[in-house]
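One structure below.
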Amino acid sequence: MSGIDLLAPLQCASATYPNPDYPIIQIRHDLAEADIALHGAHVTSYRPVGEKEVLYLSPDALYEKGTAIRGGVPICWPWFNAHPDNAEMPAHGFARNRFWELTGASESNEGAVLTFSLPCNEQTKELHPYDFELTYKVAIGRKLELRLMTKNTSLTTMPVGGALHSYLAVHEISRACVEGLASVDYIDTVGSESMQRQQEELLKFDQEIDRIYFNTTAAVSLETGFHRLVVDKGGSDSTVVWNPWIEKAAAMRDLPDDGFRKFVCIEAANARADVRRLCPEGVHVLSQTISIQSP
Ligand code: BG6
């Protein structure tokens, strides 16, 4: 049966989402099913009907205000990873760490569309001293379409970085493979020094991978062992690929020690030189579309 349920607090505690004060929107459409937490406007599950789950969600993820959910699609905004000038700021910005508002929901034969917004207030201004409108449109159907729109409503130019940080489920990391980045330059951020390199044809995983690929707007594909995913994007000239591997995974309290075997992050990013500078009234749309390639 189709439907969009905003499960009320106290009704939503379940084996997957144990915190009853943590609203989860569950979409059950004839074409696809999805769960979205209001905290972070965070898509935690997406599954086209008849297919395997597309996103990885850590069984140890924490559902508490102020902590990002490990898995699904965290929204990193308005900066990517460490703040450019202030190491005390939260990694990946603050959009993933606070409750958003649900501003619209509709459904049709094609799927369901939900719209969220993150209010700008005195707290956000302490972290990012600008006025903004931030809206996020999530369309669920045969594809998962994510569109993050930033409007600068300040009187000064506003920098906007970030990423749609999708955790894509794989059957076994050593057999996963990314295609579509051949010959693209990247910065390898593993270790203390950033090294610039060029990607060979295929990207496989046998160690920690933390790379920012530059000057690439192309879609990439991921062989997951369940299916082949196509990950397309817009408003992004940088793509990040990340897997923490053994030691980093063991140090994360919200990921099981062997959890790294079960996902690859492919992120539509605005990282480093790809940070956008929005003039007053300027708009930037960062988008990502994830679909299962037909055989
Ligand atoms: C990736 C970064 O995007 O996110 C990594 O490239 C980082 O460096 C990873 O470790 C996870 O970040 P976090 O803050 O969610 O643990």
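First listed ligand is number 1; within each ligand, the first listed atom is number 1. All values reported here derive from a predicted model rather than from experimental measurement.
The shortest N or O to N or O distance between Y167 and ligand 1 is not under 3.5 Å. For a threshold of 3.5 Å applied to N or O pairs, the pair formed by T189 and ligand 1 contains no separation below that value.
In plain terms, the two heavy atoms of A219 and V230 that are nearest each other are CB-CG1, 4.4 Å. Nearest approach of G93 to W79, heavy atoms of both residues: N-NE1, 3.2 Å. Shown here for S236 and T217, the closest heavy-atom pair between the two residues is O-CG2, 3.7 Å.
Taking every heavy atom of F80 and a limit of under 4.0 angstrom, the matching atoms of ligand 1 come to 3 (O), 6 (O).
At a 4.0 Å heavy-atom cut-off, ligand 1 touches N81 through the side chain alone. Using a 4.0 Å cut-off between heavy atoms, E267 contacts ligand 1 through its side chain alone, with no backbone atom that close.
At the shortest separation from atom 12 (O) of ligand 1 among protein heavy atoms lies H92 NE2, 3.5 Å. Of the protein's non-hydrogen atoms, the one nearest atom 9 (C) of ligand 1 is W242 CE2, 3.5 Å. Among all protein heavy atoms, the one lying closest to atom 1 (C) of ligand 1 is H165 NE2, 3.4 Å. Of the protein's non-hydrogen atoms, the one nearest atom 15 (O) of ligand 1 is R96 NH1, 2.9 Å. Residue, atom and distance of the protein heavy atom nearest to atom 6 (O) of ligand 1 are D210 OD1, 2.6 Å.
Between the side chains of E53 and S45, at least one donor N or O lies within less than 3.5 Å of an accepting N or O.
Contact analysis leaves R211 out of contact with ligand 1, as no non-hydrogen atom separation drops below 4.0 angstrom.
Under the 30°/60° scheme for interplanar angles, the aromatic rings of H128 and F94 are found to be tilted.
Here the options are E179, R228, Q293, the test is side chain to side chain donor-acceptor pair (under 3.5 Å), and the partner is S221; only R228 passes.
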Any chance you could lay out the salt bridge (Lys or Arg N to Asp or Glu O under 4.0 Å) test for D237 and R276, step after step, and finish with the verdict? CA-CA 10 Å; D237 291 348; R276 307 300 164 106; 3.7 Å; yes
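Centroid-to-centroid, the aromatic rings of F132 and W77 come within less than 6.0 Å.
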